[in-house]
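In this chain, residues are counted from 1 in sequence order.
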Amino acid sequence: MSPLSWLLLQLLICTLLISYHIKAEEENRKIYIVYMGERAANMIEISPKARHINLLQNILGSDIAQEYHLHSFHRSFDGFVVKLTENEAELLRETQGVVSVFQSKKNKLHTTRSWEFLGFGPRVKRSNRESNIIVGMFDQGVWPESESFNDKGFGPPPRKWKGTCKVNNFTCNNKIIGAKAYRKNGKLPSQSDYFSPRDQKGHGTHTASTAAGGFVSKASFLGLGKGTARGGVPSARIAVYKVCWSDGCSDEDILAAFDDAIADGVDIISVSLGLSNAINYFEDSIAIGTFHAMKHGILTSSSAGNDGPKLATAANVAPWFLSVAASNTDRKFLTTVQLGDGKSFQGVSLNTFALKKHMYPLIYGGDAPSKKVNSSTIMGSKSCLRGYLDAKLVRGKIVICDRSSYGPYEAGAAGVVIQSKLPLDDVQSYILPLSRIGLADATSIFKYLNSTRKPTATILKSTEAKDASAPSIASYSSRGPNAITDDILKPDLAAPGTNILAAWSLGTTATGIQGDKRVVPFNIISGTSMACPHVTAIAAYVKSFHPRWSPSAVMSALKTTASPMSAKRNPGAEFAYGSGHINPLKVNHPGLLYDAGINDYIKFLCGVGYTTDKLRLITGDQQASCSATMNGTVWNLNYPSFTLSTTKGGYITREFHRTVTNVGLDSSNYRAIVKAGNGMTVKVTPSVLSFKSRREKKSFVVQVTANMKKRTMISGSLIWDDGKHKVRSPIVAHVPPLDEKGNTFVDVNGEVQDRTGLDNFSETLKIDFCGLLPAQVYMMCEMGHNPTTV
């Protein structure tokens, strides 16, 4: 080889190596959030972006810092979004002025009857200030042409509004007064997404109309749930912040929306989304955003998550915003399966298809495996997974499945019967006639199937029935205890979230499944996502009467007036329902308030280990410190519940210092009424609080002792009673569910379970992986449909 050829070869090799190195480094770069705390009020600068890029140049170099910088937060707090390697992220974590650096995560999206069920009818007393309340909806956007967002009778937006509506393919009005879409990585995830606040999936339209939709008569889901649909505060305005797409809801988009919403002038923020598990507060985009919202007087309501009934699954757990569990209402939807021998079995679903009682051949999916599939994968056909059924054997028949997916539709089935181990406490629609039945009824159907030469069945259209169990907590609703701070009770309270009818996007279909032709203006779905806007609306309702109440004061009013729920009927007790079930008829007159401000939360954060330097960045207050006077404890946060825990069992004693503000009668005497479960003793000092005027404050101490030798949880309550108001707070003593090695958890019945076991594999794996409520997850995971968008 000539010298020249050798030189060229070496140059080629070097070029390839450099190219490979650059490509490898690019692949290692991920999107990170650099959170720098409160935006300094006296900061004078031409461009926050320039300051952030200058900081990056010290880490990345001047040639690429601007290329990898994606966005700067600058309206309400300080920070930016950037592409980094882990080594670069570590260097930034050690940089002065930085609170936290964390990789962007994908959060997931966690009514004609529900408001009447709560007693919150259309004639409830309303404030003339309701139309000045602005509700910020963080979700998938809305379908603005929905009748629920008609602005007839509305005047111009409130003067305090500073937001905008300069977007594509979307028109605001005097009901929807602002709309923005966020996609800071610049890439749309699929062709079904388009960069606009317009909702093409339905979830955002549903939550927004539940919170603040107007009156729409004769609303229904194809005849089911017929009535007048409306939101809890129908006169309030809506500001739309689209942070969720077909691939989920990214941290950088959520934080950008908080940055804007706080500065825009919203009064309440509704966030029906979250992670699959709780994480450290200032590495959690929702906890960060809600902290700054709280600091600016804005309360946030969020969904607890849909990973119940396992304990310690609640995702949104910081004490400065609300986490809402899902309950049912007194309406359920039943779908009858009728067999050829005349016997009938009631299941649940939203079946709008009329088979007109025509009988179809009945077959078990496990008896119709695809010939293309290896015999060792017979489980796939039992579960009716797509590609696992023999179309020749299934076509035109009703298929019994262990779980449901796209498989029966793909194979040409006439209908589906699912045998379910899960509670039948919520329903879903499907692209075929479907009914989900319990295991006992499934056993009877299998007896008929296996004893009849030509078994047949039909599936009737769904009907409505009264649900006497209401209100009870849905099985899918995530439970506490709080995985970050054991002694802060989460979720906070419960609200209707099961089988909720509300507006839907005309940009999708009833199910969003390919092949479904049913475009509907209203839909019925379930989840803590549906419970959250109910509480959002009630918080907005309170704010319309008491505009000067702080976020914690509104939280206190909602929680201390909540209706107690039964621990026997709701596995997990307070870890399922928090303070109880929302009661909108009492929230405006709570009697006493447990108020808390920024200094209270600084003390709390000092108590859980945050340093003075970090807190000064987070709060923007250079005088903030974890001094002897400011270094509080978890138990002394002025929170309207009392929680204590021990990891070792045995006896535990805690003292809780609280202060309440009188917002009831000018002159009143409140007497302490204590209810304590077996093994718990409670002492309240003083036991009587005497007030001479409104806004007067009184302090007291609660001492709780609990014997946890043979118990994992003991419940009690403290009620301050003046004869007119009953100000109730739960008391909970517990053993956290995770053991020291993190291998076991205590289930809702108090039994220790091995988390590494696979005995629950078939029912739990897809719920955890897909992140959707249990009843819907089976059919969504295997049909090529992203479950985070339902």
Side-chain angles (χ1 to χ4, degrees), residues 190 192 200-203 206 220-225 246 333-337 347-356 358 360-363 365 368 370 380-381 383-391 393-420 426-437 457-462 499 501 504-526 766 770 772-790:
S190 72
S192 66
Q200 66 268 37
K201 300 296 181 182
H203 189 280
H206 197 282
S220 73
F221 171 64
L222 298 172
L224 292 173
S246 61
F333 298 94
L334 303 176
T335 305
T336 299
V337 178
V348 298
S349 73
L350 294 170
N351 178 39
T352 63
F353 299 101
L355 294 181
K356 299 179 180 179
H358 178 77
Y360 291 83
L362 184 66
I363 190 171
S370 170
S381 64
S383 296
C384 299
L385 304 183
R386 63 186 312 179
Y388 284 72
L389 293 173
D390 187 335
L393 297 177
V394 168
R395 185 174 293 111
K397 298 178 181 179
I398 291 176
V399 187
I400 304 173
C401 303
D402 293 351
R403 295 200 297 274
S404 181
S405 77
Y406 202 58
Y409 174 75
E410 186 180 62
V416 184
V417 175
I418 308 172
Q419 57 167 334
S420 177
D426 69 293
V427 299
Q428 74 283 338
S429 58
Y430 189 50
I431 198 168
L432 293 175
L434 177 145
S435 182
R436 188 161 59 95
I437 60 174
T458 192
I459 300 171
L460 306 185
K461 289 183 71 173
S462 297
N499 305 337
L501 178 81
W504 198 245
S505 169
L506 299 186
T508 184
T509 60
T511 61
I513 301 172
Q514 185 177 1
D516 192 352
K517 305 297 184 184
R518 297 170 299 168
V519 177
V520 295
F522 289 87
N523 205 346
I524 297 171
I525 58 175
S526 300
K766 287 192 176 296
C770 292
L772 189 63
L773 50 144
Q776 290 174 323
V777 71
Y778 299 145
M779 68 182 63
M780 305 307 288
C781 289
E782 297 297 332
M783 61 181 62
H785 185 76
N786 189 326
T788 63
T789 64
V790 174

Which residue, Cys401, Pro408, Ser370, forms the side chain to side chain contact (heavy atoms under 4.5 Å, CB included) with Leu389? Pro408

Could you tell me whether a side-chain N or O of Asn499 sits under 3.5 Å from a main-chain N or O of Val427, the two making a donor and an acceptor? yes

Partner residues of Ser383 under the side-chain hydrogen bond (donor to acceptor under 3.5 Å, both in side chains) criterion, sequence neighbours left out: none

Hey, could you give me the CG/CZ distance between Leu501 and Phe221, rounded to the nearest 0.5 Å? 9.5 Å

Check Leu224 against Leu350 and note the closest heavy-atom contact, atom names and distance. CD1-CD2, 3.9 Å

With sequence neighbours left out, write down each residue that passes ring pair (Phe, Tyr, Trp, His ring centres under 6.0 Å) with Phe353, or none if nothing qualifies. none

Begin from the C-alpha positions of Lys201 and Ser192 and carry the test side chain to side chain contact (heavy atoms under 4.5 Å, CB included) through to its verdict. CA-CA 9 Å; Lys201 300 296 181 182; Ser192 66; 3.4 Å; yes

Using side chain to side chain contact (heavy atoms under 4.5 Å, CB included) as the criterion, list what pairs up with Thr509, not counting sequence neighbours. Thr511, Asp516, Val519

Point-to-point distance, once rounded to the nearest 0.5 Å, from NZ of Lys397 to CG of Leu362: 9.5 Å

Residues at least two apart in sequence or cross-chain that pass side chain to side chain contact (heavy atoms under 4.5 Å, CB included) with Leu460, listed by chain then number, are Thr336, Gln338, Lys357, Thr458

Contacts of Tyr409 that satisfy ring pair (Phe, Tyr, Trp, His ring centres under 6.0 Å) - sequence neighbours left out: Tyr406

Of the non-hydrogen atoms in Gly347 and Ile437, which two are nearest, and what is the gap between them? CA-CG2, 3.8 Å

How close do Cys384 and Arg403 get, counting heavy atoms only, and between which atoms? CB-O, 3.8 Å

From CG (Asp426) to CD1 (Ile524), nearest 0.5 Å: 12.0 Å

I'd like to check the side-chain hydrogen bond (donor to acceptor under 3.5 Å, both in side chains) partners of Thr335; sequence neighbours left out, ordered by chain and number. Ser349, Ser462

Of all the heavy-atom pairs spanning Ile431 and Gly515, show the shortest one and how long it is. CD1-C, 3.3 Å

Residues in side chain to side chain contact (heavy atoms under 4.5 Å, CB included) with Leu393, at least two apart? Ile363, Ala368, Asp390

Closest heavy-atom pair and its distance - Val394, Ala411: CG1-CB, 4.0 Å

Flag side-chain contact, heavy atom, 4.5 Å: Trp504 against Ile525: yes

When rounded to the nearest 0.5 angstrom, what distance separates OG1 in Thr352 from CZ in Arg518? 4.0 Å

Partners of Glu410 by side-chain hydrogen bond (donor to acceptor under 3.5 Å, both in side chains), sequence neighbours excluded? Arg386

Do Val416 and Ile398 have side-chain heavy atoms sitting under 4.5 Å apart? no

By side chain to side chain contact (heavy atoms under 4.5 Å, CB included), Ser505 pairs with (sequence neighbours left out) Trp143, Asp199, Thr205, Thr508

Non-hydrogen atoms of Gly396 and Tyr360 that approach each other most closely: O-CD2, 3.4 Å

Set of residues satisfying salt bridge (Lys or Arg N to Asp or Glu O under 4.0 Å) with respect to Arg395, sequence neighbours excluded: none

